Structures are given as structure tokens and as C-alpha cells.
Amino acid sequence: MRYLIFAGTAYYAAGGARDYIMSTDNLPAASHFAASLIGKTGVLDEEDDDTVKLEWSHVLDTETKSIILKFGKRPYGRSFDVDMITDIK
């Protein structure tokens, strides 16, 4: 799949793969779905019924290796963003 969608809370981003939601090859579908996640409830731990309100989402293009869409708040504690990875072969 070309487009990976990540989402989480602004304060407690799980980080990396734990923020992964889904993937698709369709950019309009990825954009619509990522935008629609803002304000939805996410389940952190099914065993404990821990839930959070999703406050941000990103769409990563696996071909360009860059975040191409950002929705919602910026995760707290982030003094920088890595928008593109250039050294992957």
C-alpha cells in the first residue's frame, strides 16, 4: 500500500507503528479518512477499555517517503518534524 495513515492524541502520541491506523493505494480515500479521524474515539487497550480522542492524523507516502498530509493538532513535545527520510535505499 502506498499511503499509510497514522493518528493519535496530541499529548500522548504512542509513537511510530503504535500510531498506525490503516493503509490504502487511493490518495483521495487516504485524505478523507485521515481528516475524518479528528475527534473520533480510539481504543488504546482493548483489555482495559482505555480510549482517547484522536487529535491529529498524518498521511505518509511510501514512494516519496514523506508526510504529505497533516490534520488536527501538532503532537506536544515535538520540537521538530521529520517530513522526509532521504537516506533509505
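What you are looking at is a predicted structure, and each value in this text was computed from that prediction instead of being measured.
In this structure, I21 and F33 approach most closely via the heavy-atom pair CG2-CE2, 3.7 Å. Closest approach of A30 and V59 over heavy atoms only: O-CG2, 3.9 Å. Nearest heavy-atom pair across S57 and A34 is OG-O, 2.7 Å.
Here CG of L54 is found 14.0 Å from CZ of F6. Values are rounded to the nearest 0.5 Å. Here CD1 of I5 is found 7.0 Å from CG of L37. Values are rounded to the nearest 0.5 Å.
Y20 and W56 fall within a single hydrophobic cluster, where Ile, Leu, Val, Met, Phe, Trp and Tyr are joined by side-chain heavy atoms under 4.5 Å apart, directly or via other members.
For N26, the side-chain contact (heavy atoms from CB on, under 4.5 Å) partners are T24, P28, A29, not counting sequence neighbours. Listed by chain and residue number, nothing satisfies the ring pair (Phe, Tyr, Trp, His ring centres under 6.0 Å) test with F71 (two or more places apart in sequence, or in another chain). Not counting sequence neighbours, the partners of T62 by the side-chain contact (heavy atoms from CB on, under 4.5 Å) test are R2, L4.
In terms of modelled atom types and a separation under 3.5 Å, the side chain of E55 and the main chain of K73 share no donor-acceptor contact.
Between T64 and the choices I67, L60, D61, the side chain to side chain contact (heavy atoms under 4.5 Å, CB included) rule is met once, by D61.
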